[in-house]
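Encoded as structure tokens, the structure appears first; notes follow it.
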2 protein chains.
Amino acid sequence: MFSKACEYGIRAAIFIALQSLQGRRVSLKSIAAEINSPEAFTAKILQQLVRSGLVESLRGPGGGFSIPGDRIAQIRLSEIVYAIDGDKLYEGCGLGLEQCDARYPCPLHDKFVEVRRDLRNMLEQTSLDELLTGLEVGLTYLRR
Amino acid sequence: MFSKACEYGIRAAIFIALQSLQGRRVSLKSIAAEINSPEAFTAKILQQLVRSGLVESLRGPGGGFSIPGDRIAQIRLSEIVYAIDGDKLYEGCGLGLEQCDARYPCPLHDKFVEVRRDLRNMLEQTSLDELLTGLEVGLTYLRR
DNA sequence: TTAATTTCGGATATTTTTGTCCGAAATTAA
DNA sequence: TTAATTTCGGACAAAAATATCCGAAATTAA
Ligand code: SF4
Ligand code: SF4
């Protein structure tokens, strides 16, 4: 459904948020270890999130990544997906018939648009903090 | 949403079905031209559909691809997708957290499963002939 | 039988996605 | 100031998806 990059991005964001809640900044190293992702590749993705303003970073000893407390409830999954995958998710038609005449939609059109809209809605309505509430038991659930 | 291979496969199947209804067998060449897809790549995909028993092929002059009339109403989009992309569509979790403990689902779980189930239902409930009925005006809509 | 047509199958090439390496820049602390 | 730590950025590498090439096999018709 999503690209690997997107999966890593979401998982990383969840972990960062979880630690930020407890006032901890987390290093790339610990993130990659926690979410079980390739370190250097994860770094690239984190940079995208930083540039998009979804995550804050600080260099040097004691540095790392964090998300300000008030942002955790604001940030939606859709923002993370968009920062990484762009609007790939929202454009075009499942059949690859992007230029088909919208005035004569195929029978699949309504159903297809509906499924995609549902996915979009889900991502837009789900904030980062919502994902944390189910993880109170531990971080096990972020690993494969 | 789908792979390119899958898109070409669906479009090709639609065109073959449309022509088969009128008793015409269609060549790889005409398929690729009609659905605007790379010829050799399309050939590979058609072979997958043939091996899966969704499409019939005949070699030699006058040969080509076809779908028996009675099969056109039977074949579901899900079968085409499955023949090409396998069960990629149905497995795992959108976050890539496949081994997370299902007893402690994150808040996204229900929503995510629902979206995927809707997509699956849509594909399973849509037969090839349904897609044809919207195309009576012409084949223009199969091109980009 | 011969030639033409068309799918089949394997090898190869290109592009995109995923992943790695390494040095530079920033920050902190000794 | 120096050394250590950590993110940043660009170049590079590997893997997967997409796409091409070409000859073999099957079929048809002359
Ligand atoms: S009408 Fe059918 S083919 Fe056209 S965009 Fe909608 S789903 Fe795709
Ligand atoms: S509970 Fe959450 S993380 Fe686990 S499979 Fe479901 S959606 Fe994915």
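A quick note: this is a predicted structure, and the numbers were derived from the prediction, not measured. Chain naming here is simple, since letters A, B, ... match the order of the sequence lines and numbering starts at 1 in each.
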Could you give the [atom1]-to-[atom2] distance, from [X] to [N], as a whole number of Å?
X: A:Gln48; N: C:dG19; atom1: CD; atom2: C1'; value: 14 Å
X: A:Leu28; N: C:dG19; atom1: CG; atom2: P; value: 14 Å
X: B:Asp85; N: D:dA16; atom1: CG; atom2: P; value: 16 Å
X: A:Ile45; N: C:dT17; atom1: CD1; atom2: P; value: 13 Å
X: A:Leu49; N: D:dT7; atom1: CG; atom2: P; value: 14 Å

- Message: Could you tell me if A:Gln74 and A:Arg71 have a donor-acceptor pair between their side chains, going purely by distance under 3.5 Å?
- Response: yes
- Side chains of A:Ser66 and A:Ser20: donor-acceptor distance under 3.5 Å anywhere? no
- Message: Counting the atoms with a prime plus P, OP1 and OP2 as sugar-phosphate, which does A:Arg25 contact under 4.0 Å by heavy atoms, base, sugar-phosphate, or nothing?
- Response: nothing
- Task: Any chance you could list the contact pattern along nucleotides 19-30 of chain D? Use B for base contacts, S for sugar-phosphate-only contacts and - for none, protein heavy atoms under 4.0 Å, 5' to 3'.
- Result: BB----BBBB--
Counting only side-chain nitrogens and oxygens, does [X] get under 4.0 Å of the OP1 or OP2 atom of [N]?
X: B:Gln47; N: C:dT7; result: no
X: B:Arg51; N: C:dT7; result: no
X: A:Ser57; N: D:dC8; result: yes

- So with a 6.0 Å cut-off around CZ of A:Phe112, is the heavy-atom count from everything else above 12? yes
- Message: So B:Asp118 and A:Leu119, do their side chains get closer than 4.5 Å, heavy atoms only?
- Response: no
- Six-ring centre of A:Tyr90, A:Arg120 cation under 6.0 angstrom, axis tolerance 45°: yes
- Message: What stems show up for DNA chain D when you take Watson-Crick pairs (N1-N3 plus N6-O4 or O6-N4) and G-U wobbles (N1-O2, O6-N3), both under 3.5 Å, and require three or more consecutive pairs?
- Response: C:1-30 with D:1-30
- Which value, rounded to the nearest 0.5 Å, describes the distance between B:Lys88 atom NZ and A:Met1 atom CE? 13.0 Å
- Transitively linked via ILVMFWY side-chain contacts under 4.5 Å: B:Tyr82 with B:Ile16? no
- Task: Report yes or no: do A:Phe65 and A:Leu21 belong to one cluster of Ile/Leu/Val/Met/Phe/Trp/Tyr joined by side chain heavy-atom distances under 4.5 Å?
- Result: yes
- Only one of B:Val81, B:Ile84, B:Ile80, B:Leu77 passes side chain to side chain contact (heavy atoms under 4.5 Å, CB included) with B:Phe2; say which it is.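 With B:Phe2 as partner, B:Val81, B:Ile84, B:Ile80, B:Leu77 yield a single side chain to side chain contact (heavy atoms under 4.5 Å, CB included), made by B:Val81.
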- Note on the structure: Assert: residue with more 5' nearest nucleotide on DNA chain C, out of A:Cys6 and B:Lys29, is B:Lys29
